[in-house]
Amino acid sequence: MSCYALVDCNNFYASCERVFQPALTGRPVVVLSNNDGCIIARSDEAKALGIPMGAPLHEYAPLLKRQKVAVFSSNYALYGDISARVMDQLTFFTPDVEVYSIDEAFLGLDGFTPAMLPDHMRQLRRSIRQWTGIPVSVGVAPTKTLAKLANRIAKKYTSDGVYVMDDPELMTRILGDIEVEDIWGISKRWGARLRRMGIGTALQLRQASPRQIRQALSVVGERIVHELNGRSCLALEEIQPRKTIMSSRSFGTMISNRSDLEEAVASYTARAAEKLRRQRSRAGGIYVFIRTNRFRQQDPQYSNAAMVGMDEATSDTAKLIRAAMGALRHLWRAGYRYHKAGVMLTDLVDDHGDQASLFQTHLYTRGRDMAAERKTSDRRMAALDQINAAMGQGTLFHATEGLTPGGHHHREKRRHNLPKAERWRMRAQFKSPAYTTRWSDLVRVR
DNA sequence: TCTGGGGTCCTAGGACCC
DNA sequence: TCTGGGGTCCTAGGACCC
C-alpha cells in the first residue's frame, strides 16, 4: 500500500511577512499582487473578516482600514527564499520529496511503519516551525488525492496540524461530508457537471462508475475516482525543467505609445530569458501577446498574439528580443490603450541533450503546417506573408488574427452532418465496444 | 482610478502519408 | 449527397492547479 503526505504551509505569504514582524501575530494580515491590485494571501484573521481570495484591493480598502489590517505588497524574493528553507527541512525526514508549489510538497512515505507516522509528522511540523518560523499542516493517506483531503482535515479540525487517514470507516464518514468541489482536480465547472449527474460529495464520487466519470471528465476525472478509492494513479514526480517560461504584467497605467509597449515587451523578454538560462534551456519559439483592459467595457477592446519560431533554439537575450519585436510590429495597432502584455518562451530544449535532431523535426513540420494554412485560409496566408516579410529574425508560423471561431464553426458544419456529441459517441462505440481501462492509461508516465 | 502571474495535462480535429 | 481506413504529428482550446 502506497503512502503519501502533503505538507502545506498555512497562509504562506502572510506567514512569511509575520516571520519578520512577530507583533502581527493574532492580527489580520493580507498580501497584495504585483501592482497592488488584488489580495492574494490572507491570514486566518483576515479570512474571518470575509475577505475573499483574489479580491480587488479597491473594493476592500475601506474594510481593511476599518479593521486595521496589516497590508503588504508582495515580496517574491523573500517568499522564494523561505520556501527553499522549508523544502530543505523536509529532506531530513524522507528523501522522497516532490516540491509541488511554492508552499506545498508531497512526501513519499512508503518505508515508514504506520504506527510511527503521526509522531514522525508532528516532529516534522515542529522542526519546520522552529527553523523557519512557518506553520504547516500535514495530511497523510494512501494516495495524493486523499492526502490533499487529509491535509484539509488537518487544517480545519485538528489542534496539532497533523491528520493521518487510516481508519476506513471514519474515512467513509468524512468523505460523505466533503463537497466534490473541494477535491483536488475538481473545480466549480466540473463540480456542476458532477452535480447534474447526482454526484455531490467525495463519497458519491468514490462510488461512481469510473467509466461514466471518464466520459464526463476525461481520464483526469477517472484517475480521481481511483485515487479516492485508495488506488494510486498519481506518482511522486521528479523536479524537472519547465516546458514553458512566461513573463507578463499588467501596466500600472495604460499605454498608447508604441515605443512604451516595445520597452515593456523587451524587458519581459529579458526577464524570461534570465529564467531560461537559469534552468539551462534554450527556446525554439517565443509567443507574444498584448491586450487592452478587459474590465473597461466602455473602451474599444483589442487583444492579439503571435508566435515566432526561432531559426535555432537560443538563450540569447538579444536574439529573443529581436524576435519579440518582430512579432510586436505585427501585433501593434494605433488607437488603443494597452493594459497588459507578456511573452512566453516555448519549445524549450535542454542545453545538454541531442536537441539538434529534435529541433530539425520541428522545422520540418512547421514548413508543412504553413503549406496547410495556405490551403485553408487566404486571409491567414496574406497575413503570414506580410509578417514574414516584416521579420528580420526568425520565421513566424502562426498568428491568431484571422482565425475566427466563426470560421471554425462554419467549416465544421459543412463537413459533418451530426452534432459533435453524437459523432463522439459513435466513434467511441466503434473504437472500443468493450470498455477496458489499462493501468498504463491511468498512471501518468512522464 | 483601481480588478495577478505563473504553470500543467488532455482531447478533438486537421493535415499528411500509405 | 455521397465519397476508405489506418496511422502519426501538430495545434487550439478547454480544463485544472497554486
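Lettering of chains follows the sequences in order, A, B, ..., and the numbering in each one begins at 1.
Side-chain contact annotation: A:S83 with A:D103, donor-acceptor N/O pair under 3.5 Å absent.
Taking a pair as Watson-Crick or G-U wobble with both distances under 3.5 Å, DNA chain B forms stems of 3 or more consecutive pairs at B:5-18 with C:5-18.
Screening residues 56-84 of chain A for salt bridge (charged side-chain N to carboxylate O under 4.0 Å, His left out), with sequence neighbours left out, gives A:D81-A:R85. Residues in residues 291-302 of chain A take part in these salt bridge (charged side-chain N to carboxylate O under 4.0 Å, His left out) pairs, two or more places apart or across chains: A:R296-A:D299, A:D299-A:R337.
Checked against B:dT3, B:dT8, C:dC18, the side chain of A:F295 finds its nearest nucleotide in B:dT3. Comparing atom distances between the A:S187 side chain and each of C:dC17, B:dG6, B:dC9 picks out C:dC17 as nearest. The A:K148 side chain lies nearest to C:dC18 when the options are C:dC18, B:dC2, B:dT8. Distance from the side chain of A:V219 is smallest to B:dT11 among B:dT11, B:dG7, B:dG5.
Taking 4.0 angstrom as the limit, A:S248 places a side-chain polar atom (N or O) nearer than this to OP1 or OP2 of B:dG6. The side chain of A:R296 places no N or O atom within less than 4.0 Å of a non-bridging phosphate oxygen (OP1 or OP2) of B:dT1.
For the segment residues 188-198 of chain A, residues with any heavy atom less than 4.0 angstrom from an atom of DNA chain C are, sorted by number, A:R189, A:W190, A:R193. Shown for residues 47-71 of chain A: residues whose heavy atoms fall under 4.0 angstrom of DNA chain B, namely A:P56, A:H58. DNA chain B is contacted by A:S33, A:N34, A:G37, A:C38 of residues 33-41 of chain A, taking any non-hydrogen atom closer than 4.0 Å.
Backbone-only engagement by A:S250 is indicated by non-hydrogen atom pairs under 4.0 Å involving sugar-phosphate atoms exclusively.
Side-chain contact check for A:R223 versus A:V443: every heavy-atom pair is 4.5 Å or farther apart.
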Compile the donor-acceptor pairs under 3.5 Å between side chains in residues 36-44 of chain A and protein atoms, sequence neighbours left out, one pair per line.
| residue | atom | partner | partner atom | Å |
| --- | --- | --- | --- | --- |
| A:D36 | OD1 | A:S73 | OG | 2.9 |
| A:D36 | OD2 | A:S73 | OG | 3.2 |
| A:R42 | NH1 | A:I51 | O | 2.8 |
| A:S43 | OG | A:V29 | N | 3.0 |
| A:S43 | OG | A:E45 | OE1 | 2.8 |
| A:S43 | OG | A:A46 | N | 3.4 |
| A:D44 | OD1 | A:N11 | ND2 | 3.2 |

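Remark: A:W184 pairs with A:Y100, A:F106 by the ring-ring contact (aromatic ring centres under 6.0 Å, His included) rule, at least two apart or across chains. Taking A:Y163 as the reference, nothing meets the ring-ring contact (aromatic ring centres under 6.0 Å, His included) condition, with sequence neighbours excluded. A:R125 pairs by the side-chain contact (heavy atoms from CB on, under 4.5 Å) definition with A:V136, A:V162, not counting sequence neighbours. Residues satisfying the ring-ring contact (aromatic ring centres under 6.0 Å, His included) test with A:Y336, not counting sequence neighbours, are A:Y302. A search for salt bridge (charged side-chain N to carboxylate O under 4.0 Å, His left out) contacts involving A:E263 returns nothing, not counting sequence neighbours.
For the pair A:R249 and A:N293, nearest-nucleotide mapping onto DNA chain B gives the more 5' position to A:N293.
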